[in-house]
Amino acid sequence: MTEAIATDRNDPAAASAEEAIRVEDLHKSFGNLEVLKGVNMSAKKGDVVAIIGGSGSGKSTMLRCINFLETPTSGRIVIGGEEIAMRADGSPASRKQIERVRSRLGMVFQAFNLWTHRTLIENVTEVPVHVLGVPKAEAHDRAMALLERVGLAEKAATYPAFLSGGQQQRAAIARALAIDPSVMLFDEPTSALDPELVGEVLTVIRDLAAEGRTMLLVTHEMKFAREVSDHVIYLFEGRIEEQGPPEAVFGAPKSERLKQFLKSVA
Amino acid sequence: MTEAIATDRNDPAAASAEEAIRVEDLHKSFGNLEVLKGVNMSAKKGDVVAIIGGSGSGKSTMLRCINFLETPTSGRIVIGGEEIAMRADGSPASRKQIERVRSRLGMVFQAFNLWTHRTLIENVTEVPVHVLGVPKAEAHDRAMALLERVGLAEKAATYPAFLSGGQQQRAAIARALAIDPSVMLFDEPTSALDPELVGEVLTVIRDLAAEGRTMLLVTHEMKFAREVSDHVIYLFEGRIEEQGPPEAVFGAPKSERLKQFLKSVA
Amino acid sequence: QEVKIGIAAEPYPPFASLDASGNWVGWEVEIINAVCAAAELNCVITPVAWDGIIPSLTGQQIDAIMASMSITEERMQTIDFSDKYYNTPTVIVADKSADIAPTPEGLAGKILGVQASTIHQTYAQQYFTDAAEIRVYQTQDEINQDLASGRIDATQADSIAMDDFINSDAGACCEIKGAVADDPSILGSGVGAGVRKGDDALREKLNAGIAAIRADGTYDKITEGYFSSSIYGG
Amino acid sequence: MEQVIELLSLSPPGWGGNLLRGLLHSLEIALGAFGFGLLIGLGGAIGKLYGGPVLRDILAVYTTVVRAVPELVLILILYYVGTDLINKAAGAMGYGRVEISGVAAGIWVLGIVQGAYATEILRGAIKAIPIGQIEAARAFGMPPLKMLRRVTIPAMMSFAIPGLANLWLIATKDTALLAVVGFNELTLETRQAAASTRAYFTFFLAAGALYLMVTLLSGRVFARIEKWARKGQPGHRRAGA
Amino acid sequence: MITLRSLLVPHRIAMMAVFAALVLWCAYALRWDWIPKYAPLAAEGIWRTIWILAVTSVLGFLLAIPLGLAQAIGPWYLAAPARTFCTIIRGTPLLLQIWLLYYGLGSLFPQYPWIRESELWPYLRQAWPYAVLALTLSYAGYEGEVMRGAFSGVARGQIEAAQAFGMPRFTMFRRIWLPQAIQNALPTLGGETILQLKATPLVATIAIVESYAVASRVRQDTFIVYEPLLLLAVVYMVIAGILAYGFRKLEQRVPVKGH
Ligand SMILES: Nc1ncnc2c1ncn2[C@@H]1O[C@H](COP(=O)(O)OP(=O)(O)OP(=O)(O)O)[C@@H](O)[C@H]1O
Ligand SMILES: Nc1ncnc2c1ncn2[C@@H]1O[C@H](COP(=O)(O)OP(=O)(O)OP(=O)(O)O)[C@@H](O)[C@H]1O
Ligand SMILES: [Mg+2]
Ligand SMILES: [Mg+2]
């Protein structure tokens, strides 16, 4: 695995062909409330970046800005070497571009957000077939393989509402994988789950990390973050307070606040 | 304070003028499920009886049988020396009688059940004015005094929906006190509350106990039960498994099941 | 070019009514067909609610009205009329036993039913308002029902239409109490075909058609099938 | 009794055929108006939710006015003014008179009325969709129209069906109001049959029975549609059911 | 609520200007000279509309309470007829119901001469009892359904609390259950009452002179088509607005959290 580097530099040459994602000087305000106050980061292909921080520190907002579910106030976002064109107000300039980029980012929500009116297999084939234009049969076979992989093959024809939270979240991961995303985005994928269901989801994510998928992972599971990530970012009040390899961040935190935070979640 | 005695005898003479409530051989089934399998207990005026037991052991059912919110399958219920006439099917024989008796039992529900379309003061005056025929002005003054007592005087004109759970439960206690009940029935009065609100309700109940109100109290707060009660009844699967003064029940439990139970809730 | 002739959608026997097959039949329907044939017009009979028949004409949903509409000054402010094609007296009809006469005194204290948007309504409101209570209905047929059921005491209407009613089972209760005093400015000068203001071409053609069937005997032949005497009037 | 059967028999001299024809006309218009209303409603709902301030205000005026004024009055205004305007416009552009059939006029007039109600029903239904369902579609780069078709509409169905079922019944019954513009739907056919035979009670009851049949049948159909729309939602019971 | 500030947005000012221009155009380009002559009649018509609406809504609502109650908790021999009644009323057009009551019943009178001798005859002769009856039944049919939901919607605990304090059954119904059910039903009730307002013109078909009939009369007398209809539409909008406002005030009597 390669190391992620948080870039403070604004130097595009630094972005090698290997770069999967780069965020530069990202700001985001809701009305008067400035939630992100200039975040810089980047991840190479295959990196697993864990984002930790207290409640309200802006983790979700950062992730949602990356695929423009929230409109950034300012900053640059580069996905796989392609900068997303922004208007002055931060909204994406080209709908075509943002749709294309989004369909390469696999998002897994805290609340799963599976489409309740479709079965699991339909959930998984939905985007490949209806957005990417993959032939139905092919998409179906691939989807079955993915459901198999997250251990839900025999639930393919079931509607989401009839599954446990853990099963739903695994299906949501399969849905995200179905577009063969260049980056997977996870926003607290286990925090809506009952404790006994957390494990099964973490196992799936752990496998993904092991096989070298690029991932951005907002999580409250410190032990897991430490085990699975190449790079950890600690957000505090909309700024990156400290970052580095997990051993450093968890093992020898420098910032007082990080020390405090780690103590509180232990 | 006097001691409560659980009667196994069927001897009405034993019921002195001091007796507030007596339950004899109470059975209750829901369909095929026998929930109460012969409960006997009595309480003298001024007694505080705590009823404890695991979930589903029949605590709520027992309390609700006492004021006939559930129809007992068989048994006798005597309130203040007056036996409630029952038909063969357990339903009260005289609606007049049961209404009169109920209006002397002050029930406080787990879910508060304040009337949402009336302000606090209206909730408290409702029964005195419209059931007991107390003149409006008098009921109002008394209600204000009660609200004052539970610390809610300045909320008198507020609707229940705008209050915290703890405030609602205190108002529910004031409503029950407004009828100057011979016995207060509490069904887990704090278990629907956030932990930080439990205290304020317990304080009010503690005061009531101190001033010698007769109370039947279903609760999961063992520490509180121990502190406040004169007599503790431990229900297990619809039977009284063990009972006695709190020091004995909590300090030196004899039954294995009670020991188990006390360990599990500690 | 199709010419839409509007008739009232509510049956008005014996002039225009519906048979069970959904065909419009009656004296006026036959006259329409004859006039159109004589004038070489390609006519289509179009039923329209009586209440909205003039707006339908001005709103171009129909081209002419031939629905027993009397030619009156008031209507001529809005539409034009062809020559008359029939004219019958206006009468008061009431229960046989009732003591009613076609005068304000004879109707004093009674309830008089008239159809909306007719000369009868205008006339009654002019002459009988003070004496009688006037109730306005959408169709003559409804008036006849309420007359038979006794809810109203009398109706003012066209004599021929009432003849038909009185001779039916339902109308057995009632009789003609006499004609009302004439007032040509309200009761008009007979029934004509209404056309849009300025549509002189159609008006001329209809006039020619009416004259033609009067002249060649078609008019009388049709009339014989329905009435015992001529209804063209003076 | 015999007389009644004769009066209601399907072929002349019975009037049953006419009633059925009227019913067919009513259903034809109701179906057209309901469909047209749904289209307006969908556009209106989306406009109200996502449109600019001007569009939103215009739609607010539309739904408020149309829902406050009796259908009978609206039908008269829309029917007369509407056809008049169309003809005037056609005249000004040098075309001849435009033929507007009773069916088309009925559909467009009732459709506009239905559209106002449908707008509110569909807006409520769209708002009832959990936001996550929409966000998930956006996060995967679904274009807006596709999202409407694949996610928004199917997901809102179960919320919209009860309201739409009511609306459909209103549509079938409102066709009766077109009698005032002389359109031969069931109510007018009934009135004509009653007036021609003077068997008022018989025909009014018969028409009532026909309407009731439509209501009960539609109830069944909508219950099925609702069940289908609720697929994927476990054991949900309607309030009070 | 609409505040002055929310109206002072540029596009709203523009819309109001357009609206004002429209009103001015209507005032000048259309014919209003008939108004003075028909004003007294119009006032009477509007009054009658309001009167019919008020009487039938109140009576209908009173009838809806037992209908809803029977369906919500009644034994089957009460619930079934109540449900049938609601289904029939909701399943057939009001126009047909009015005609059936008025002309259908009327056609029976000739066969039974004694009806005309009876004490009730002065009322049976009039049209308004039929109108009131038909509209009342209609409102009851729709509201019965609403009240059914509203009664079942009252939380069980609310009733239990009343029982636990020994409230007699009728007191409990009057003081707890009914007020809460009405509170639940109020939002729907407001809408349904506006629907009832919109149903009142139908009674014009049985020769009752309310607002709509007056507008028709003007049209019939003067052949002015659009102006009376426009004015009529405005009248109904004003009444509907007042109703909506009134019901909102009623709803706000018991404040709801989060609004
Ligand atoms: N749509 C919004 N409108 C206004 N404020 C918002 C919005 N979304 C988030 N915020 C605010 O932005 C701040 C950061 O929110 P964010 O959800 O990013 O926090 P987080 O780090 O994900 O916290 P958590 O661990 O609780 O999920 C919070 O103060 C939140 O209230
Ligand atoms: N209305 C009912 N119908 C059928 N079964 C019931 C009903 N009410 C209670 N039960 C059953 O009776 C048993 C005892 O219930 P009860 O509510 O008295 O228990 P409890 O001791 O109060 O428990 P908890 O501490 O969870 O409140 C349970 O198994 C419950 O499922
Ligand atoms: Mg978050
Ligand atoms: Mg309990």
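By convention in this document, chain letters (A, B, ...) are assigned in the order of the sequence lines, proteins followed by strands, and residues within each chain are numbered from 1.
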Segment of D:V65 engaging chain E (4.5 angstrom heavy-atom cut-off): both
To the nearest 0.5 Å, what is the distance between OG1 on D:T187 and CH2 on E:W99? 6.5 Å
Chain D contacts: which residues in residues 83-92 of chain E have a non-hydrogen atom closer than 4.5 Å to it? E:T87, E:I88, E:R90, E:G91, E:T92
Proximity of residues 183-200 of chain E to chain D, residues having a non-hydrogen atom under 4.5 angstrom: E:I194, E:L195, E:K198
Heavy-atom closest pair (D:V69 atom, E:Y236 atom, distance to 0.1 Å) is CA-CB, 4.4 Å
Using a 4.5 Å heavy-atom cutoff, which residues in residues 122-131 of chain D come close to chain E? none
If one checks every heavy atom of D:L205 against chain E at 4.5 Å, the contacting part turns out to be both
One should read off an interatomic distance between D:K173 NZ and E:L95 CG, to the nearest 0.5 angstrom, of 12.0 Å
CH2/E:W47: more than 12 non-hydrogen atoms of other groups inside 6.0 Å: no
Check the pair D:F204, E:Q97 against side chain to side chain contact (heavy atoms under 4.5 Å, CB included), reporting the backbone distance first and the verdict last. CA-CA 8 Å; D:F204 288 162; E:Q97 293 164 17; over 6 Å; no
Which atoms of E:L108 come close to chain D, meaning under 4.5 Å heavy atom to heavy atom: side chain ones, backbone ones, both, or neither? side chain
Against chain E, label D:I58 side chain, backbone, both or neither, depending on which of its atoms sit under 4.5 Å from a heavy atom there. both
Compare every heavy atom of D:G208 with every heavy atom of E:L96, then report the nearest pair and how far apart it is. CD2-N, 3.4 Å
Under a 4.5 Å cut-off applied to non-hydrogen side-chain atoms, are E:Y226 and D:I77 in contact? no
Might you work through the side chain to side chain contact (heavy atoms under 4.5 Å, CB included) test for E:L100 and D:Y200, ending with a clear yes or no? CA-CA 8 Å; E:L100 190 66; D:Y200 295 95; over 6 Å; no
Under 4.5 Å, counting heavy-atom pairs only, tell me which of E:A240, E:P93, E:G104 racks up the most with chain D. E:P93
Tell me, please, which residues at least two apart from D:R56 pass salt bridge (charged side-chain N to carboxylate O under 4.0 Å, His left out). none
Residue E:F19 versus chain D: region with a heavy atom under 4.5 Å: neither
By a 4.5 Å heavy-atom criterion (distance strictly below it), what part of E:M15 contacts chain D: side chain, backbone, both, or neither? side chain
